[in-house]
Amino acid sequence: VTELCVCDLLVAQCDVNCCCDPDCSAAEFSLFTTCSVPIVVGDSRLCSQKAAVYSLDVEANPPEMIFKLIDQVNPSVFCIHATNYKQALSFSSPKMPTSENFDQLLKEFGSAAFSAGPHGWDVNTDRQNPSDANETYRYEYGVPIQTVDAFLRLPSPVVSSWCSDANPAGFLVNQITKCTRSVSVKNCGDIPAVSMLFYINSSILAVSKCLEFIFQVNITVQSIAVQSPDGMRTLLGGDDVLRIPEVLEGLCINIVLGVSYHITYTEAGEIIEAAAAFVLGTINEEALSIQQSFEISFTQANTEPVPLSGNPGYVTGLPIRAGYRPQGYPFPVEMTTNKFSQLTLLQSTSSQDCLAAQGARTPILFGYNMVAGCTLRITAAMKCQPLAQTLLDLLKGQSFPQYVASFGNSQAQDVLDWVPITHLHISEQVRMYNTFQSSCQIPVSLEIEVKWTKYGSLVNPQARIVNVTATITTTTLKQLPSGRERTIPVMSSVVFTDVSSPAVPGYKAWPTINVKLPFDFFFPFV
Amino acid sequence: PEILNNCSQLSSLPLQILLYVNGVYYIFYFLATLMMIVYKSQVFSYPNDFLAPDLLMLFIMAILEVPRLYFGSKGNLTEEEAPLGLSLVLTLGSVVLAVYFLAWQTYVLRADVILTALLLSTYGLESGLKVMAIAAFVS
């Protein structure tokens, strides 16, 4: 106890009013007023122990520090006279991990709550080892997909919006990320992450059941779309030749603007196929950065990927599923649904010209009312019939479906689960004197009204579509004098109406007294 | 005055008193030590590995005490050496256990020291008196 001094905080310096500080000299002791630590003892529960007592003798001139080592006696009858248990009176120091005891220490202290210790739970360790040997090594949900070198990368923004290439793609985790990368024409050939090669270079390790060999799955190029500087995308058909960025006339072409991975997996957790669809673009000399978007999706082998829009009721924000019944047979046949038979709406573009942005359509999402429109310039030279047909195609899209699924998970086989789309025609008649003049009717507006109701239990109502009406409004196109032109607005909208009737409370039947006389009550007379 | 028998009494009266006092005192000692073990397990860190031997020793001592006192008393009153000899041997065992409680327990409190020292002195005195009684009976 003579060496213990809790107030000695400054090394090689004298602490003020600390009488046990060995760095203090007699001159400094004379400046103290009291002793902050008057006594230092060990465990006070012991019957007799040494104590160091420090005190200041203020009477003497100059004041001096008095140090006494005394035997302190604990007067209680329950003081510890002796102990045969070494660790009783002090905290045990933790064991140093070495290579021998690391596993045992990890088991004891590694989880959220400390386990009983090295003696307990011996049964579990025996059970774990045999099962490890038999377990097939396969991918599980969330496990990063391994490639020949490191992991399959899905660049994503970290902290800021700049791309970080260290984000691995997890198995069965569908992800969509967007990030910014700094590229300029000067160094577009040097940055690996804007070249197609970076994304299909290493092949994915798809582990097989037998541990003898692990085979690799090459990433194939599924499709390449080239995006022009004003946003138009063209699918390059045919060749999937690797296109590397190169500088051409002051522009850098074949810059990767987006990659979409599609991985096919089996039920056993192996990856059997991997394909990547690229969107390549060009940058000019003024560009300093590009925005890249990445997507990865997983499909089970031998299944058709039909994403459900709800289970069973539609979820707000998911696209409406639609299909069409193949013609020819009167008896119910399965609905056909594919990517091209979605219910879509015209998409407004920045140029607002109907004819310029053909083909850009947005899918109709359940619950979101949308309005879109564009303007059409009509010249005198345009003929009525082709114009009407063009506008109809514009409003309805290439393949307008006939049926809409009433539930988000309606199967194609259940024909009764599908609601037919009702078509209405409204024509704005312009009163003219000579009604016999053949008027040119062109469609100018398509309004889709989707009536839905709440279905199911009161606490968890599911959305169910009951009626879909597509109304086409046509207007008369007056013949223009030659040389003049007109612009007419073309509008397309979709409205969701909730037609659910309020729930009617059902009351339990009043209890009735069921009293009937037995049939032989009036025995002698009946 | 009637003389009931011719022989003089060989049974030792102090031994009998001591045996009786020992019995009473031992009950008190047993309960006190048990209470103190409970107290120690609450106040100090007393892992099960150390608690079990202490309790075991205490109960063995209690079990040993009963035949020891019985044989001692019987031997003294019937003036036979054999039970007294057996009692002496059992006293030796009790002494060892008392020394355990005095020195080899996990926590030896001052109260433990006082009580066990008293018990040991009783045992010592008893042993002495038993030896004298055996000597008296034999001869």
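Chain letters run A, B, ... following the sequence lines, proteins first and then strands; every chain starts at 1.
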Using atom types as modelled, flag every donor-acceptor pair under 3.5 Å from a side chain in residues 4-17 of chain A to any protein atom, sequence neighbours excluded.
from  : atom 1 : to    : atom 2 : distance (Å)
A/D15 : OD1    : A/L9  : N      : 3.2
A/D15 : OD1    : A/L10 : N      : 3.4
A/D15 : OD2    : A/L9  : N      : 3.3
A/D15 : OD2    : A/L10 : N      : 3.2
A/N17 : OD1    : A/T33 : N      : 3.1
A/N17 : ND2    : A/T33 : OG1    : 3.3

Taking only heavy atoms into account, what residues of residues 113-137 of chain B are found under 4.5 Å from chain A? B/V113, B/I114

If the contact rule is any heavy atom under 4.5 Å from chain A, which residues of residues 12-19 of chain B qualify, in numerical order?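 None at all.
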
For B/S73 and B/Y70, indicate whether the former's side chain and the latter's backbone hold a donor-acceptor pair under 3.5 Å. no

With a 4.5 Å heavy-atom cut-off, do A/I263 and A/L172 have their side chains touching? no

Using a 6.0 Å cut-off, check whether atom CZ of A/F67 has over 12 heavy atoms from anything other than its own residue.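 Enclosed.
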
Answer yes or no for A/C79 and A/C47: SG-SG distance under 2.5 Å.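 Yes, because the SG atoms of A/C79 and A/C47 sit under 2.5 Å apart, which meets the disulfide cut-off.
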
Should the SG of A/C35 and the SG of A/C19 be checked, would they turn out to be under 2.5 Å apart? yes

Candidate pair B/Y107 and A/N84, rule side-chain contact (heavy atoms from CB on, under 4.5 Å), full reasoning: CA-CA 7 Å; B/Y107 290 101; A/N84 293 311; over 6 Å; no

Just by distance, no angles: are the side chains of A/N101 and A/T98 close enough, under 3.5 Å, to form a donor-acceptor pair?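 Present: a donor and an acceptor within the cut-off.
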
Sorted by chain and residue number, the ring-ring contact (aromatic ring centres under 6.0 Å, His included) partners of A/Y265 (sequence neighbours excluded) come out as A/F171

